[in-house]
Number of protein chains: 2
Amino acid sequence: MGKEVKILVVDDEERIRRLLKMYLSREEYKIEEAEDGNEALAKALENEYDVILLDLMMPGKDGLEVCRELREKKATPVIMLTAKGEEVNRVQGFEAGTDDYIVKPFSPREVVLRVKAILRRASQTSYLQTEPTTKDVLVFPHLTIDHDAHKVTADGKEVNLTPKEYELLYYLAKAPDKVFEREQLLKEVWQYEFFGDLRTVDTHVKRLREKLNKASEFAARMIVTVWGVGYKFEVVNE
Amino acid sequence: MGKEVKILVVDDEERIRRLLKMYLSREEYKIEEAEDGNEALAKALENEYDVILLDLMMPGKDGLEVCRELREKKATPVIMLTAKGEEVNRVQGFEAGTDDYIVKPFSPREVVLRVKAILRRASQTSYLQTEPTTKDVLVFPHLTIDHDAHKVTADGKEVNLTPKEYELLYYLAKAPDKVFEREQLLKEVWQYEFFGDLRTVDTHVKRLREKLNKASEFAARMIVTVWGVGYKFEVVNE
DNA sequence: TTAAAAGTGTCAATAATTTGACAAAGTAAC
DNA sequence: GTTACTTTGTCAAATTATTGACACTTTTAA
């Protein structure tokens, strides 16, 4: 339902573009890319994007400049990507017409949250706001993940998860039945510059299962180990 | 119950319209927008609004002029938005038919309070005021927030809150269960040009909990920390 | 039975929150 | 106006919770 959401991702590093694309694709957004300021500006002016993710530091035209020039013609929401220490003056960014910031290295959750926040705001600006913005709640037998409230419930009982546990569960549950290798989970649930021990994933899975199990053994069993490959979320039929 | 309240928001800056809309939508008003004087006048004449929020400085026809022309046909209440330093002669404004002023940058509370004041005045002017204006009171177990009286009661005892504390509580309590990031709270509870320290939110939460706790430990526990994300208001089941 | 893979418990390192103290800004009372 | 009082925002400990690593145990599949 609702029309397709189009996002433009601008960064000179191919790796960053790929990561952003990966995170955002999971939310069913359509992603396009640009690798420098001029290309970004050209695309942004020609097309109608719902959000633009814009790197601050780029060879040639930098993010602020692109934003400023874009603003002369269009109001497309812009989220600026800044590296730590690159600390833009918020007021400066604000004057250029930036809507929000994300500091690198970012985590998937952060990116997705920000994009959603922007989209929500934008949709509220639309003339008639009759329909309530669709709630983001995953409901399975024995387990409910309410992403707005950031709350997990198993067999009626609330399960208190730490951020990483929550993210891990949410990530897996968003694609039931799909197996993820530990490497991939580390890349996508953790920040993108994290090169940690693969066993770390196991530890978190363990803690997650533990907590789920206290509330519902069925919920705990939904985190399934795929031997030799990784983990997946599978709905229990009971 | 009660008829819908329709408000027209007029400002050439999209951001300001969005902010006003955000604040006022939470009060269940229906908001329409106009981005310049002519559009405003056309809409104001065609429709029946309960209040018009009108920016003073706009390219083309300015706020005073719109107000003056509107007054030749209609008595719709007008609240003028003026930037600091832009200090209109109040007499001039009243001659044009302005009902009230708000100085930018404004805070949500200010906007909502003024609008409510105007609506109250308007409804009292009406001939027979039989229907009680719908009361704005949030009632939870152990906690009641009477927004009309601007009064908070926890387990029967009145809790004395400062404006910011009150606004923070009210904002959270208006959307139970929904998690808000500190950034968002700063953006929406504080004035819109405030770029303060995120920890400021924590301090206010602390003071709020402190005061609530003196009256009712259950009420205090309703302000819930969501680790790594932000805060939410959650009803305690006890 | 064995090698590889997964699960577990512990601990130190990190990270986020809470808190208290203080200064600045704003208000009210005189 | 000036003074006293309140509210507000910042900052930097102190506290608390999360996290990552690693060694060790258990399970699995061949």
Side-chain angles (χ1 to χ4, degrees), chain A residues 84 90 103 105-107 109-110 150 152 159-172 179-183 185-187 189-214 217 220-221 223-232, chain B residues 84 103 105-110 150 152 159-169 171-172 179-183 185-187 189-214 220-221 223-232:
Chain A
K84 209 179 268 174
R90 291 196 73 157
V103 178
F106 44 75
S107 75
R109 174 173 57 109
E110 202 174 343
H150 211 267
V152 175
V159 185
N160 244 306
L161 300 178
T162 69
K164 274 282 177 299
E165 285 157 12
Y166 177 87
E167 283 167 66
L168 184 60
L169 173 62
Y170 183 68
Y171 190 83
L172 291 170
V179 184
F180 296 96
E181 296 177 39
R182 289 173 178 68
E183 281 212 352
L185 290 171
L186 273 187
K187 246 191 222 142
V189 177
W190 275 252
Q191 292 194 336
Y192 68 83
E193 264 176 0
F194 179 75
F195 299 107
D197 194 304
L198 290 184
R199 285 279 89 68
T200 295
V201 178
D202 299 38
T203 301
H204 282 270
V205 166
K206 173 205 146 205
R207 302 203 262 239
L208 180 54
R209 281 172 172 158
E210 221 164 60
K211 288 186 180 180
L212 287 175
N213 196 49
K214 269 190 203 146
E217 55 165 319
R221 269 197 246 138
I223 310 293
V224 176
T225 304
V226 180
W227 227 83
V229 188
Y231 297 99
K232 71 173 167 178
Chain B
K84 210 178 267 175
V103 177
F106 44 75
S107 76
R109 175 172 57 110
E110 203 173 340
H150 211 267
V152 176
V159 184
N160 244 306
L161 300 178
T162 69
K164 274 281 177 300
E165 284 157 12
Y166 177 85
E167 283 168 68
L168 183 59
L169 174 61
Y171 190 83
L172 291 169
V179 184
F180 295 97
E181 295 177 43
R182 290 172 177 70
E183 282 219 342
L185 291 171
L186 272 187
K187 253 190 215 144
V189 177
W190 273 252
Q191 293 193 335
Y192 68 82
E193 262 177 0
F194 179 76
F195 296 107
D197 194 304
L198 290 184
R199 288 277 92 71
T200 296
V201 177
D202 300 35
T203 299
H204 283 269
V205 166
K206 173 203 147 207
R207 303 206 261 239
L208 181 53
R209 281 172 173 158
E210 225 163 56
K211 289 186 180 180
L212 288 175
N213 195 49
K214 269 188 203 147
R221 268 196 249 140
I223 310 291
V224 177
T225 304
V226 180
W227 232 83
V229 187
Y231 297 100
K232 71 175 164 178

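In the text below, chain A, chain B and the rest are named by the order of the sequence lines, each starting its count at 1.
- With C/dT8, D/dT8, D/dG20 as the candidates, the nucleotide lying closest to the side chain of A/Trp190 is D/dG20.
- Side-chain nitrogen and oxygen atoms of A/Tyr231 include at least one within less than 4.0 Å of the OP1 or OP2 phosphate oxygen of C/dG7.
- Ring orientation note: the planes of A/His150 and A/Tyr166 are close to parallel, at an angle under 30° on the 30°/60° scale.
- Note on B/Thr162: a side-chain N or O is less than 4.0 Å away from OP1 or OP2 of D/dT8.
- With sequence neighbours excluded, the residues that form a salt bridge (charged side-chain N to carboxylate O under 4.0 Å, His left out) with A/Lys211 are A/Glu165.
- For the pair B/Glu181 CD and C/dT17 C1', the interatomic distance rounds to 16 Å; values are reported in whole Å.
- Ranked by how close their nearest DNA chain D nucleotide is to the 5' end, B/Lys211 and A/Leu186 are led by B/Lys211.
- Checking the phosphate oxygens (OP1, OP2) of D/dT10, a side-chain nitrogen or oxygen of B/Thr200 falls inside 4.0 Å.
- Going from atom CD1 of B/Ile223 over to atom P of C/dT17 covers 16 Å, rounded to whole Å.
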Pairs under 3.5 Å (N/O, protein and nucleotides 9-11 of chain C):
| residue | atom | partner | partner atom | Å |
| --- | --- | --- | --- | --- |
| C/dG9 | N7 | A/Lys206 | NZ | 3.2 |

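- Across B/Val189 and B/Leu168, no two heavy atoms sit closer than the pair CG1-N, 4.0 Å.
- For B/Thr203, the side-chain contact (heavy atoms from CB on, under 4.5 Å) partners two or more places apart in sequence, or in a different chain, are B/Arg207.
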Protein-to-nucleotide contact annotation, 5' to 3' order, nucleotides 24-30 of chain D [B base; S sugar-phosphate only; - none; under 4.0 Å, heavy atom]: ----B--
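- Of all the heavy atoms in B/Lys232 and B/Leu172, the pair that sits closest is CA-CD2, 4.3 Å.
- Qualifying side-chain contact (heavy atoms from CB on, under 4.5 Å) partners for B/Asn213, counting only residues two or more places apart in sequence or in other chains: B/Glu217, B/Ala220.
- Taking both residues in full, the closest heavy atoms of B/Asp197 and B/Leu186 are given as O-CD1, 3.8 Å, listed atom of the first, atom of the second, then distance.
- Each end of the helix from C/dT1-D/dA30 to C/dC30-D/dG1 yields a helix axis from five base pairs, and these two axes differ in direction by 40° (to the nearest 10 degrees).
- Between A/Leu161 atom CG and D/dT18 atom P there is a gap of 10 Å when expressed in whole angstrom units.
- Using a 4.0 Å heavy-atom criterion, one finds that A/Tyr166 contacts no nucleic acid atom at all.
- Across every non-hydrogen atom of A/Pro163 and B/Gly228, the tightest pair is CG-CA, 4.2 Å.
- Within 4.0 Å (heavy atoms only), B/Asp197 reaches sugar-phosphate atoms of the nucleic acid but no base atom.
- Candidate nucleotides D/dT8, C/dG7, C/dT17 were compared by shortest atom distance to the side chain of A/Arg209, and C/dG7 ranks first.
- In this structure A/Lys164 satisfies the salt bridge (charged side-chain N to carboxylate O under 4.0 Å, His left out) test with no other residue, sequence neighbours excluded.
- With sequence neighbours left out, A/Glu183 forms a salt bridge (charged side-chain N to carboxylate O under 4.0 Å, His left out) with no residue at all.
- Partners of A/Arg182 by side chain to side chain donor-acceptor pair (under 3.5 Å), not counting sequence neighbours, listed by chain and number: A/Asp202, A/Tyr231.
- Spacing between atom CG of B/Asp202 and atom P of D/dT16 amounts to 16 Å, rounded to whole angstrom units.
- Here the P atom of nucleotide C/dG7 and the NE2 atom of A/His204 are 14 Å apart, to the nearest Å.
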